Number of protein chains: 2
Amino acid sequence: MTNLFISDMYQRKTPEDLQCGITIAMKVFGAKWKPCLLDAIQRGFRRPSEMHREIRGATPRVLDMQLRELEVSGIVEKRQSAGFPLYTEYTLTDIGRSIMPVIDRINEWGLMHKELLREVDLQSMSL
Amino acid sequence: MTNLFISDMYQRKTPEDLQCGITIAMKVFGAKWKPCLLDAIQRGFRRPSEMHREIRGATPRVLDMQLRELEVSGIVEKRQSAGFPLYTEYTLTDIGRSIMPVIDRINEWGLMHKELLREVDLQSMSL
DNA sequence: GTTAATACCGAATAAATTTTCGGTTACCGA
DNA sequence: TCGGTAACCGAAAATTTATTCGGTATTAAC
């Protein structure tokens, strides 16, 4: 199951604090491939098939699911024109665009601190 | 298992992109209780027992584990003075402090968009 | 009417993360 | 010596999240 928070058959077992901004934010864009998807859309890959080709690490299935969740939470918008080949495109909503600077900050911090993961890997820690 | 990324017996099954800033950042402070712990420390709760009392939603065990991971990754520093009762305190390192504005941005965004989770919950979505 | 492209979905399984539960060690004071 | 506080740790179980695999529907060119 993914973090769909809509009325679905899935019932969470552990309570969540929906007053906490971090919890909310993580529900909305904290899943494994959501930042990638948002980034891909922003870089102009709007069609599912394009995203599937662009994001190599993920299977199409998980991208479809997380894209759908982003749509349900109002982060992206889907437009589909019947025809051949079927043409679907996703774009960021205003709210979706407002996430980007936050993701950028996270990414920036991570890039600035690559060494944290390296360093620690070298020492043979006694846990 | 938690996201310990140190040489431990646990071997990841799925590959990770350690060049991606988001992946790195999420490994360092993306676990369920890490932002809470960092926030608690910043607010002056430095002793494990204090944090256990402060963060009600989590069991002491998980807080201990994630605190340890924060220590291993150089985000917090542990100081212990022998004596009675045993006194241990954790403080943020410089790198640890540099995370706080990022967490603040995430939290801010979440608080600003509480309605996303509410709204969607009301509509009976057809998935 | 068979094949090919695009965009999905369902269900089982696997993997990762968190929780539960019950320890241990060290020290002090009654 | 027994009880009580602080700070942990190990292992199994439960929960959550992601992956795998195999579908469906539409259109359209050959």
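Note that the coordinates shown come from a computational prediction; the quantities given were computed from them, not determined experimentally.
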Asks: Do any side-chain nitrogens or oxygens of Tyr90(B) fall under 4.0 Å of OP1 or OP2 in dC8(D)?
Replies: yes

Asks: Can you tell me the distance, in whole Å, between the NZ atom of Lys32(B) and the C1' atom of dT19(C)?
Replies: 9 Å

Asks: Would you say Gln80(B) reaches dA6(D)'s phosphate, i.e. side-chain N/O to OP1/OP2 under 4.0 Å?
Replies: no

Asks: OP1, OP2 of dT19(C) versus side-chain N and O of Thr14(A): anything below 4.0 Å?
Replies: no

Asks: Do the side-chain N or O atoms of Gln66(A) get closer than 4.0 angstrom to the phosphate oxygens (OP1, OP2) of dA18(D)?
Replies: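 Yes, Gln66(A) has a side-chain N/O under 4.0 Å of OP1/OP2 on dA18(D).
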
Asks: Scan side-chain atoms only and decide if Arg79(A) and Ser81(A) contain a donor-acceptor pair under the 3.5 Å cut-off.
Replies: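 No - no donor-acceptor pair under 3.5 Å links their side chains.
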
Asks: Quick check on dT6(C): is either OP1 or OP2 less than 4.0 Å from any side-chain nitrogen or oxygen of Arg47(A)?
Replies: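 Looking at the OP1 and OP2 atoms of dT6(C), neither is under 4.0 Å from any side-chain N or O of Arg47(A).
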
Asks: Could you tell me if the side chain of Trp33(B) sits less than 4.5 Å from the side chain of Thr59(B), heavy atoms only?
Replies: no

Asks: Map Trp33(B) and Pro85(A) onto DNA chain C by nearest heavy atom, then report which one ends up closer to the 5' terminus.
Replies: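 Per heavy-atom nearest nucleotide, the more 5' residue is Pro85(A).
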
Asks: Check whether any side-chain nitrogen or oxygen of Arg68(B) sits under 4.0 Å from OP1 or OP2 of dC9(D), and answer yes or no.
Replies: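 Affirmative; the distance criterion is met.
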
Asks: Scan Thr59(B) against the nucleic acid and name what it touches under 4.0 Å (heavy atoms): base, sugar-phosphate only, or nothing.
Replies: base

Asks: For the base of dG10(D), is there a side-chain donor-acceptor partner from Arg61(B) under 3.5 Å away?
Replies: yes

Asks: Is the phosphate of dT19(D) approached by Lys13(B) (side-chain N or O, under 4.0 Å from OP1 or OP2)?
Replies: no

Asks: So, are Glu50(B) and Arg53(B) salt-bridged, with charged N and O less than 4.0 Å apart?
Replies: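 Salt bridge: no.
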
